[in-house]
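To start, the structure itself, in structure tokens.
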Amino acid sequence: MFDFSQTVDRHGTWCTQWDYVEDRFGAPDLLPFTISDMDFATAPCVLEAVAKRLDHGVLGYSRWKNDDFLSAVTHWYQRRFACRMDAQTLVYGPSVIYMVSQLIRQWSAPSEGVLIHTPAYDAFFKAISGNDRQVLTAPLRSVEGGWEYDEQAFEAQLARPDCKILLLCSPHNPTGKVWSRAELAAMAALCEKHGVRVISDEIHMDMVWGNTVHTPWSEVGGERWALLTSASKSFNIPALTGAYGFIPDAQERETYLSALKGRDGLSSPAVLSLVAHIAAYRHGEPWLDALRHYLEGNLRFVAEQLNGAFAQLNWRPPEATYLAWLDLRPLALDDRQLQKALIEQEKVAIMPGYTYGDEGLGYLRLNVGCPRAKVEDGVARLIRAISRQL
């Protein structure tokens, strides 16, 4: 019904992943598996809704707080996660990272600490440091079958007087870990105990594989939290901008919205983003489920090829995200030399693990949100580059 094998040429569209790969990797015309967007056209129902809105012809100021948008979001949570969300607690923002930054400013003071699990999405480091806050870390450790955190070390960070916020990535980027309900409940209890607010970035919530279940923070959190997300990853619409979240505390919610409108002048949302979210959440489920099936196949292919070439890796697909977090440490490679070989010899761009902190040394993050033929090409180049380093 939906063909994800079709190649869409993204060159010449001001595309970050393809047209501007040289900015990060120092060379043009590389085959990219980098920034976390996908090479697929979005769902037909989204394209049709956007086209219909454009046909109207008038693109004036609009409002996000309307019944169509609010009900579409709450419908999605009920449908996908069996969660009843209060539409009155919903807030809007231009992006999840903007909302993260705004809440960091709102809930902490300069030099105070924001705790993250590492390795971490690189934008987290930038949002914290860019707002003159201190990055506090709680490293994850790789164990048989997944990832875990040290609850004792985690609480020691929460207990610091300068720790004001836990910035949670759920599901976790880059490891692909899905936090269990028990883990989330334990973290929520510790945050309540130490008076630490929680910002839960759940932008990858729809990309959870197999029988693994994503639990929204709203199901375990107390009162001092915000859940932030968007349809941008799931339906590949980040260029439309637009995100949303839930802030249950009325005063905190009003403070956020006052800054959004008053300080930052963002009173009118990107109307096409609203249209896209409504269409995706009302009519996009069949497309998303087909996409998820295809992406799972991509991840299995990566595992088959890598483990076939290097049996000692025994790499397993992540629990969530279309970002393959490849543990190459058993091969004892030099990260910088491998990047040099990938870029200069194989002409391929794959995110080095050290982008995500010291805990990422020895890893690569490979984006498989693309047609299988591209994955096949990229993995073959990766295997050749690794083989030369052994």
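Quick caveat, the model's predicted, so the values are computed rather than measured.
- Counting non-hydrogen atoms of neighbouring residues, nucleotides and ligands closer than 6.0 angstrom, the NE2 atom of His75 exceeds 12 such neighbours.
- Within the 4.5 Å cutoff, the side chain of Val8 has no heavy atoms near those of the Asp39 side chain.
- The pair Arg80-Asp289 meets the salt-bridge criterion, with a side-chain N (NZ, NE, NH1 or NH2) lying under 4.0 Å from an Asp/Glu carboxylate O.
- Between His277 atom NE2 and Asp68 atom CG the span is 14.5 Å, to the nearest 0.5 Å.
- Between Tyr77 and Phe246, the distance separating the two ring centers is shorter than 6.0 angstrom.
- How far CZ of Phe310 is from CG of Leu333: 8.0 Å, rounded to the nearest 0.5 Å.
- Contact record, Val178 with Glu183: O-OE1, 4.2 Å, taken as the closest heavy-atom pair.
- Between Phe81 and Trp76, the gap from one ring centroid to the other reaches at least 6.0 Å.
- Inspection of the Glu254 and Ser258 side chains reveals an N or O donor paired with an N or O acceptor under 3.5 Å.
- The hydrophobic clustering, which links ILVMFWY residues whose side-chain heavy atoms are closer than 4.5 Å, places Ile35 and Leu342 apart.
- Between Ala138 and Leu115 the shortest heavy-atom distance is N-CD1, 3.8 Å.
- Ring centroid separation for the pair Trp325 and Tyr356 comes in under the 6.0 Å cut-off.
- In this structure the side chain of Val50 never reaches within 4.5 angstrom of the side chain of Leu47, judged on heavy atoms.
- Counting heavy atoms from C-beta outward, Tyr98 and Leu260 have side chains that approach closer than 4.5 Å.
- By the 6.0 Å contact criterion, CG on Asp67 is open, its count of non-hydrogen atoms from other residues, nucleotides or ligands being 12 or less.
- Between Ile203 atom CD1 and Met205 atom CE the span is 9.0 Å, to the nearest 0.5 Å.
- Ionic pairing of Glu285 and Arg79 is present here: one or more N-O contacts between side-chain nitrogen and carboxylate oxygen are shorter than 4.0 angstrom.
- Remark: aromatic rings of Trp179 and His117 are close, center separation under 6.0 Å.
- Taking 4.0 Å as the cut-off between side-chain N and carboxylate O, Asp249 and Arg253 do not count as a salt-bridged pair.
- Screening Ser230, Ser232, Ser273 for a side chain to side chain contact (heavy atoms under 4.5 Å, CB included) involving Leu240 leaves a single residue, Ser273.
- Remark: Arg336 is positioned above the aromatic ring of Tyr354, its terminal NZ or CZ atom under 6.0 angstrom from the ring centre and at most 45 degrees off the axis.
- Put simply, the residue from Val379, Leu366, Leu313, Ile350 that forms a side chain to side chain contact (heavy atoms under 4.5 Å, CB included) with Leu326 is Leu366.
- The 12-atom threshold is exceeded at CD of Gln312, counting heavy atoms of other residues, nucleotides or ligands nearer than 6.0 Å.
- Transitive grouping of hydrophobic side chains (ILVMFWY, heavy atoms separated by less than 4.5 Å) keeps Val58 and Leu54 in distinct clusters.
- Linking ILVMFWY side-chain heavy atoms closer than 4.5 Å, directly or via other members, places Tyr20 and Phe33 in two distinct hydrophobic clusters.
- Phe4 and Phe40 have their aromatic ring centers within a separation under 6.0 angstrom.
- Two residues are said to be in side-chain contact when any heavy atoms from C-beta on lie closer than 4.5 Å; Met99 and Gln102 fail this criterion.
- Nearest heavy-atom pair, Pro171 versus Val208, reported as atom, atom and distance to 0.1 Å: CG-CG2, 3.8 Å.
- Atom CZ of Arg372 has more than 12 heavy atoms from other residues, nucleotides or ligands within 6.0 Å.
- Considering every non-hydrogen atom in both Gly176 and Thr321, the closest pair reads CA-OG1, 4.2 Å.
- Ring geometry, Phe235 versus Trp287: the interplanar angle falls under 30°, so the pair is classed parallel (tilted spans 30 to 60°).
- The closest side-chain donor-acceptor pair between Trp18 and Asp9, if any, does not fall under 3.5 angstrom.
- From Arg53, atom CZ reaches atom NE2 of His56 across 6.0 Å, with rounding to the nearest 0.5 Å.
- Inter-residue side-chain proximity for Ser129 and Val135 is flagged as met; some heavy-atom pair is nearer than 4.5 Å.
- Between Lys233 and Asp206, none of the side-chain N atoms (NZ, or NE/NH1/NH2) sits under 4.0 Å from a carboxylate O, so this pair counts as no salt bridge.
- Residues Ser267 and Tyr61 are not in side-chain contact: their nearest non-hydrogen atoms beyond the backbone lie 4.5 Å or more apart.
- Taking each heavy atom of Ala276 and Ile237 in turn, the nearest pair found is CB-CD1, 3.8 Å.
- Among Arg197, Glu112, Lys164, the one residue that satisfies the side chain to side chain contact (heavy atoms under 4.5 Å, CB included) test with Trp107 is Arg197.
- Under the ring-ring contact (aromatic ring centres under 6.0 Å, His included) criterion, Tyr256 pairs with no residue, sequence neighbours left out.
- Val348 is not listed as a side-chain neighbour of Ile343, based on a closest heavy-atom distance of 4.5 Å or more.
- Between the CZ atom in Arg316 and the CG atom in Asp327 there is a gap of 12.0 Å [rounded to 0.5 Å].
- Between His172 and Tyr121, a ring centre-to-centre spacing not shorter than 6.0 Å is recorded.
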What do the steps show when you test Lys177 against Glu148 for salt bridge (charged side-chain N to carboxylate O under 4.0 Å, His left out), and what is the final call? CA-CA 9 Å; Lys177 172 181 173 59; Glu148 66 180 19; over 6 Å; no
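- Ion pairing of Arg141 with Glu359 is absent here, as no side-chain N (NZ or NE/NH1/NH2) approaches a carboxylate O to less than 4.0 Å.
- Around CZ of Arg84, the count of heavy atoms belonging to other residues, nucleotides or ligands within 6.0 Å does not exceed 12.
- Hydrophobic clustering places Val275 together with Leu59 (ILVMFWY residues linked when any side-chain heavy atoms are closer than 4.5 Å, directly or through intermediates).
- The minimum heavy-atom distance between Val375 and Cys370, with the atom names listed, is CG2-SG, 3.4 Å.
- With rounding to the nearest 0.5 angstrom, the CG atom of Asp3 is 7.5 Å from the OH atom of Tyr294.
- For CG of Asp150, the number of neighbouring non-hydrogen atoms (other residues, nucleotides, ligands) closer than 6.0 Å is greater than 12.
- Asp162 CG: more than 12 foreign heavy atoms inside a 6.0 Å radius.
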Tell me which donor-acceptor pairs under 3.5 Å the side chains of residues 381-390 have, and how far apart each pair is, sequence neighbours excluded?
residue: Arg381; atom: NE; partner: Asp377; partner atom: OD1; Å: 2.9
residue: Arg381; atom: NH1; partner: Glu346; partner atom: O; Å: 2.9
residue: Arg381; atom: NH1; partner: Lys347; partner atom: O; Å: 3.0
residue: Arg381; atom: NH2; partner: Asp377; partner atom: OD2; Å: 3.1
residue: Arg384; atom: NE; partner: Glu346; partner atom: OE1; Å: 3.1
residue: Arg384; atom: NE; partner: Glu346; partner atom: OE2; Å: 3.3
residue: Arg384; atom: NH2; partner: Glu346; partner atom: OE1; Å: 2.8
residue: Ser387; atom: OG; partner: Ile383; partner atom: O; Å: 2.8
residue: Arg388; atom: NH1; partner: Glu346; partner atom: OE2; Å: 2.6
residue: Arg388; atom: NH2; partner: Glu346; partner atom: OE2; Å: 3.0

side-chain contact (heavy atoms from CB on, under 4.5 Å) for Leu190 and Glu151? Distances and angles first, verdict last. CA-CA 9 Å; Leu190 290 174; Glu151 187 171 309; 3.8 Å; yes
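- Looking at Arg329 and Tyr363, their side chains do bring a donor and an acceptor atom within 3.5 Å of each other.
- In the model, Arg365 has a side-chain atom that pairs as donor or acceptor with a side-chain atom of Asn173 under 3.5 Å.
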